Amino acid sequence: MQHEVLLELKDVRRSYNSGASAVEVLHGIDLTVRRGEMVAIIGPSGSGKSTLMNIIGCLDNPSSGSYRVMGQDTLNMQPDELAALRRDFFGFIFQRYHLLGHLCARENVQVPAVYAGVRKSKRDHRACELLTSLGLEERVDYRPAQLSGGQQQRVSIARALMNGGQIILADEPTGALDTKSGQDVMRTLQELNAQGHTIIIVTHDPRIAACAHRVIAIEDGSIKSDTINEQVADPLALQDAQAEPAQQASDKVLSEQPVINNQWSKTWSSHLDRFKEAFVMAYRAMLSNRMRTMLTMLGIIIGIMAVVSVVALARGASERIISNIAAMGTNTITVYPGARMGDVRSGRVRSLTARDLVALQGQPFADSVSASVQTNSLLRRGAEESNATIQGVSLDLFRVYGLLLKSGRIFSQSELDNKAQVCVIDDNTAKLFFPTEDPLGKTIIVGKVGLRIIGVLAPSDSFIIRGEQPTIFMPYTSVMTRLMNQNYLSSVVLRIKDGFSTPVAESSIKRILITRHGREDFFLQSSDTIMKSIEEATMTFTLMISAIAVISLVVGGIGVMNIMLVSVTERTREIGIRMAVGARQSDILSQFLIEAVMVCMLGGLMGVLLSYFVGQLIMHFWPTIVLSYSVDSIVAAVLTSSAIGIAFGFMPARSASRLNPIEALSRE
Ligand code: ADP
């Protein structure tokens, strides 16, 4: 029977750059391997065996010459095409096993099938069968560190067979084993060969080479001899004789063709499965470096916590101010003389008068209307004196601003009409001038005018009372005549009836006053506009602080990138192993990218939780501070942190995916 040529090397040369010159390590290798052969490549150390093996295993490309695997020229193949050859045809057995330390035996065996897109249930089943047939049924859940050298080598044989392992490449497979384990491994390889696997062993040990029917001696990068070992039966002849070799059940598992289903491996669910695997691998990697992962996250946690807290604080403050405005003044419109706030000519505009007040009072949308004249003056009582705000108002003002009395009464219409010398004092004034006695009925001096106190206001948040400064309320008529000697008003405040819209009321007021004054010599300010300006101010504040927080996030991102680069360097050997068993560049890229995104996303979530927790604590101990968390800001925080993961994880992930598999494998 004519046996198919599997591997064909023609004039293969490999040189390495050493300094300025290139050193040739393989000098024109011609070699053909047929399906079912068992070949030993023997030579002293440094003769180029491993270099040749790497080329045969598609881990490395020849510098010149041609290499065909099953008729396919590998010369111009892309890294992913070479990975596909490694995955689907080759099985590697290394001297030092090269198992992944954080995976158990069963998971290690499955790695090539993960990259081949085999369903989880199928590959799990096959991995267990393979391990059982290699006598490791008791050890499937053990990690490499819990297995002996011989057992680890058997796990790596199982891994080589996972995707079929038509061609098994064993590089000094017994080099690290004791004699007995070494013999076991060689026996297994012979059995596999008897079942039809093509086996190529690289060794410096003539006793190992003696197990193969064909022995190729290599010296200084050239083939010195290619001989047949008559002591070992020719496997090709044997296979011809037993076209249907009688197999035991366990052997059948070993020689069984892979469970790769090419149709399925291209589907969506296969991609999803590989993504899931990359996710699990990333998760395991994070777990195995808990402390470092945690420290990496710290930058992101702090950054996200800062952003979420600041946004919550700003929202809380603005909600509080707005609710205060709503509570105290309900919906008010104030009419001021002049063109706008701060207009220098507004002092000369004297057209706003008590008659305007009456005109506005009659409007259907007016709940209550109050005049206002303001001045500052010295307030005296006995030896005590203080600067105070004097508010000249009409009766309705107390309703307009929702001011409540603690004791006494507000002035009456007749007191207003008669310019009576009475006043209502605020809480500040009461505390300052009457710390121990009841102010009602007492007299207080404003400028040179004595006033009788008829009412005391309850403490209020209203902005008409400015902080600690004492404020007293007098009939506006009294202020205009007795204190200021003016006959026009500083402003008119109007409370809008519930159910009337502010813009409609505003346009009516404008129309009425323009008709009365003959021109627009006034401007309006409503609580709506105040609320809007507060919202705008908090927005600006939030944006500003967020910009600072974003800088801290970028710094956190750079930390992530840094650690990911370290992680790639540390796990170079793992990347090499994954590539040797057939991982594509995209598989490695996605594994590291997912890891970066997971670190950042988890950091983001922790930042949000921590911000919430600290916020609750702050609100508990300082009830005046309110933090208001919104779903938007939390979602934005998590999305931002994921984006940081992608942005800063990409560079390290890409450098991992572009590693050269051989260099990666040789890294300890
Ligand atoms: P063997 O496996 O037979 O011990 P190798 O194939 O590992 O030999 O190495 C053959 C020669 O190639 C050695 O002289 C070694 O120094 C050289 N060599 C191997 N890899 C590299 C490399 N990456 N860069 C430069 N020289 C290398």
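One-based numbering, in listed order, for ligands and for the atoms of each. Because the structure is predicted, anything quoted here is derived from the model rather than measured. Start at 1 with the first residue, then count along the sequence.
Taking the side-chain contact (heavy atoms from CB on, under 4.5 Å) definition, one finds that Ala306 meets it with Ala549, sequence neighbours left out. With sequence neighbours excluded, no residue forms a ring-ring contact (aromatic ring centres under 6.0 Å, His included) with Phe90.
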Between the protein and ligand 1, which nitrogen or oxygen pairs come in under 3.5 Å, and how far apart is each?
{"unit_1": "ligand 1", "atom_1": "2 (O)", "unit_2": "Ser50", "atom_2": "N", "d": "2.9"}
{"unit_1": "ligand 1", "atom_1": "2 (O)", "unit_2": "Ser50", "atom_2": "OG", "d": "2.7"}
{"unit_1": "ligand 1", "atom_1": "3 (O)", "unit_2": "Gly46", "atom_2": "N", "d": "3.4"}
{"unit_1": "ligand 1", "atom_1": "3 (O)", "unit_2": "Ser47", "atom_2": "N", "d": "3.2"}
{"unit_1": "ligand 1", "atom_1": "3 (O)", "unit_2": "Ser47", "atom_2": "OG", "d": "3.4"}
{"unit_1": "ligand 1", "atom_1": "3 (O)", "unit_2": "Gly48", "atom_2": "N", "d": "3.1"}
{"unit_1": "ligand 1", "atom_1": "3 (O)", "unit_2": "Lys49", "atom_2": "N", "d": "3.0"}
{"unit_1": "ligand 1", "atom_1": "3 (O)", "unit_2": "Lys49", "atom_2": "NZ", "d": "3.0"}
{"unit_1": "ligand 1", "atom_1": "4 (O)", "unit_2": "Gly46", "atom_2": "N", "d": "2.7"}
{"unit_1": "ligand 1", "atom_1": "6 (O)", "unit_2": "Ser50", "atom_2": "N", "d": "3.4"}
{"unit_1": "ligand 1", "atom_1": "6 (O)", "unit_2": "Thr51", "atom_2": "N", "d": "2.9"}
{"unit_1": "ligand 1", "atom_1": "6 (O)", "unit_2": "Thr51", "atom_2": "OG1", "d": "2.6"}
{"unit_1": "ligand 1", "atom_1": "8 (O)", "unit_2": "Gly48", "atom_2": "N", "d": "3.3"}

Review point. What's the verdict on ring-ring contact (aromatic ring centres under 6.0 Å, His included) for Phe648 and Phe650, showing C-alpha distance, side-chain angles and the deciding distance?
Key: CA-CA 6 Å; Phe648 289 94; Phe650 184 74; over 10 Å; no

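For Asp73, the CG atom sits in a packed shell: over 12 heavy atoms of surrounding residues, nucleotides or ligands are nearer than 6.0 Å.
Between the side chains of Gln166 and His197, no donor N or O sits under 3.5 Å from an acceptor N or O.
Here side chain to side chain donor-acceptor pair (under 3.5 Å) pairs that include residues 653-662, with residues two or more places apart or in two chains, number zero.
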